Amino acid sequence: MGLSLRPMMRFVGRVLVPARVRRAFLSRLDARYVTQADHRQDVRNIRDEFRRLHRETKDDRRDDAAAYATKESAKDIAKAIAKDVVKDVVSAAVKDAQRENQSLREEIVALRAEVRALKQLTATVNKANDQAVKGHRLAERTAEALDHVLQNEVRVWQAIDGLSAQTPATNL
Amino acid sequence: MRVKWTVADGIWNLTFLLDPEDDVTGTCTDGARLELRTNTCQIRLPKDRTSGADVHPDLLAVAAWTVAAPWTRQRVTFDRPISPALAEVFRTHWNVDAGPVGGDPRSGTRLAVSYSGGADSMAVADVFPDAPFVHFQRIRHPRVPNRWSFYRSDVLAGLAGETGRDVAIVQSDLELLLRLPGPGYPEHHAVTVGALLLADEMDLGGIALGYELGSRWLGGGRYTHHFTPDNPIWSGHGKWGSLFKAVGLPLVLPVAGISEAVTMRLALASDLRDHVRWCLRGSKGGGACGVCAKCVYKELIQAAIERRPLNTTVTADMPIARRWQEPPPYGGQEMIEYGVAHVPGIEHTMFAKAAAYLQATEESTRWLEHCYAPAIDEVPEQWRKQVDAYMVDNVGLMTEDEARRVETWET
């Protein structure tokens, strides 16, 4: 920052310096140092700058706080959502499990009924099978018995033919 | 024995009545004990081939004889007169008094193949690519409850029909006449009843069957298990061969000189191979059952000719494999020898014990890859050349040493 030497020059006293040189010197001096007005302006500017920065800092802090709050609330929301989702999922799973449980129970009931029916059927089939085996055995024996009947028929005709050959023809 | 035929709409019904000396027990020509169940059977000819009632009495007589022979002791009385020549064969070869006698003998010209659908008859079909087929299909007997529904004769008839050849499918319940040992032909020749009843209609002069080396010459199956030049079942001059010759339908055995290994090789190389089936239990789409005795036996032969390991789920501890855990003799033993000698890894199969007993090698079984020439000589003259050419071209004849293996066969 520039300090003006003009006031100082008042007390230095008048020295015999040609006006032209003095003017030249002063103008050169002025060119190198700011004026008082400029300085005041600078101070104002600096103060404004300071205020602006201070304000900005305040704003930043506020923004940071807001951002933090947002982040925290996002976290909360996420947590809440997660909680809700888990809750939904869990409750859906529970419902599914309950449904499945129910259908399994129904299935068990149906299977028990089926087992009962199969047991009954097995009993019926076993009975039928026993009857079939007996029937088959009977058929075999009947067929074998029939074999003897058929064979005897051959023998009977053989005997009849033999007898009629021996007996003289009779007039009926 | 008194024999009666009736016919209506192509269905021939046979009834035979026993004379006092006859019996419901008897013996098949192969030696098996038999017991009669009933005395009626039917033979259904294809609708488009029925010749009405116009079948030569000699043919009807021999057809009836294939089911009546085991029960007949002294004489047989047919319902229409047979030719003197046929009556003479009954007298000389069977010691049976057959009549009434009268009428002329018959003759025909063409050869038909008695085609079962197995490898052996397929090989015969390959020798005679233009010959018509006559296929026997078992049907149920109206008087006998069917306890053998696993027997899929319908599947085999279907396969025969798909061969694209001229096939006459003849249905009959005659196998149910037999009570013991179970349903089957009372005599092996009963399989020809269709050919006999169609012989006039189709102008047949011979019936070709798939009996191979083992059946004709080695006494295989239920028979004697040694070399049998005079085999009464299949030899041309035996009691059955003479009977068929007398009715103008001589038995022709085109593959009697070759083993089942060769008939299978020929069948699997023939254009009919997609229709081959030697199992009676398989389904239409599912193929052979793979676990019956027949399937196991045929798989051994097929694995041998294809030089590959046995492909089967049957193991030594299963009932079906029991016979192979015991020492020989085995039915069809020459083929067991061939199989154990050629199948790689046989020591890890149900045949391990049989292989150890038999000690067969590729060298010791090489004779089974060639044709026994006397079998060709036995083919009636009009078809001999074709059989001879086929065997020379496709198989090759046995050397003297190899033929000696046939003639000294004893299990």
Side-chain angles (χ1 to χ4, degrees), chain A residues 100 103-104 106-172, chain B residues 1-4 6 13-26 33-42 64 67-79 97 99 140-151 173-184 186:
Chain A
E100 204 171 332
S103 86
L104 282 173
E106 281 162 15
E107 213 169 313
I108 284 170
V109 170
L111 283 173
R112 277 189 189 139
E114 208 168 318
V115 167
R116 260 198 308 278
L118 280 174
K119 270 184 186 161
Q120 246 160 18
L121 187 64
T122 308
T124 314
V125 167
N126 283 344
K127 203 173 154 192
N129 190 45
D130 284 351
Q131 277 168 345
V133 167
K134 278 181 198 158
H136 180 73
R137 202 177 299 145
L138 181 63
E140 292 270 332
R141 285 177 185 165
T142 308
E144 276 167 35
L146 183 59
D147 281 353
H148 290 290
V149 173
L150 290 171
Q151 207 179 55
N152 279 341
E153 188 195 23
V154 175
R155 284 197 167 113
V156 166
W157 279 109
Q158 185 184 23
I160 291 171
D161 291 347
L163 280 173
S164 57
Q166 287 169 21
T167 315
T170 48
N171 292 320
L172 293 175
Chain B
M1 185 66 71
R2 288 153 294 146
V3 170
K4 283 184 175 37
T6 57
N13 287 290
L14 172 68
T15 304
F16 50 92
L17 296 165
L18 274 56
D19 287 334
E21 69 277 8
D22 296 334
D23 205 347
V24 293
T25 58
R33 295 293 297 165
L34 308 175
E35 200 175 304
L36 183 68
R37 173 183 285 122
T38 188
N39 60 347
T40 61
C41 65
Q42 55 174 314
V67 295
W71 333 110
T72 306
R73 297 294 185 263
Q74 289 173 18
R75 61 194 160 125
V76 56
T77 311
F78 296 107
D79 58 348
D97 185 11
R140 58 176 299 270
H141 194 293
R143 308 182 79 187
V144 183
N146 183 18
R147 283 156 277 168
W148 307 275
S149 50
F150 56 84
Y151 189 103
D173 58 4
L174 66 83
E175 291 173 274
L176 285 310
L177 286 180
L178 218 50
R179 192 176 93 80
L180 291 177

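Hydrogens, waters and symmetry mates play no part in the numbers below; they use all other heavy atoms, side chains included. In what follows, every chain begins at residue 1, and chains take the letters A, B, ... in the order their sequences are listed. Keep in mind that this is a model prediction, so the values were computed, not measured.
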TODO: Answer yes when A:Arg155 and B:Asp22 have at least one side-chain N-carboxylate O distance shorter than 4.0 Å, and no when they do not.
DONE: no
Task: Pairing of B:Arg143 and A:Glu153 as salt bridge, 4.0 angstrom limit - done: yes
Open item on the list: Within this structure, what is the OG1-CG distance for the pair B:Thr38 and A:Asn152, rounded to the nearest 0.5 Å?
Closed with: 11.0 Å
Open item on the list: Donor-acceptor check, side chain of A:Gln151 to backbone of B:Arg37, threshold 3.5 angstrom: yes or no?
Closed with: no
TODO: Identify which part of B:Leu36 has an atom lying under 4.5 Å from any heavy atom of chain A, answering side chain, backbone, both or neither.
DONE: both
Open item on the list: Could you check whether any side-chain heavy atom of B:Pro145 comes within less than 4.5 Å of a side-chain heavy atom of A:Thr142, counting everything from C-beta outward?
Closed with: no
Open item on the list: Quick check on A:His148 against chain B: is it the side chain, the backbone, both or neither that has a heavy atom closer than 4.5 Å?
Closed with: side chain
Open item on the list: Counting only heavy atoms from other residues, nucleotides and ligands, does the tally under 6.0 Å from CD of A:Glu100 exceed 12?
Closed with: no
Task: Minimum-distance pair of heavy atoms, taken over all atoms of B:Asp23 and A:Gln158 - done: N-NE2, 4.4 Å
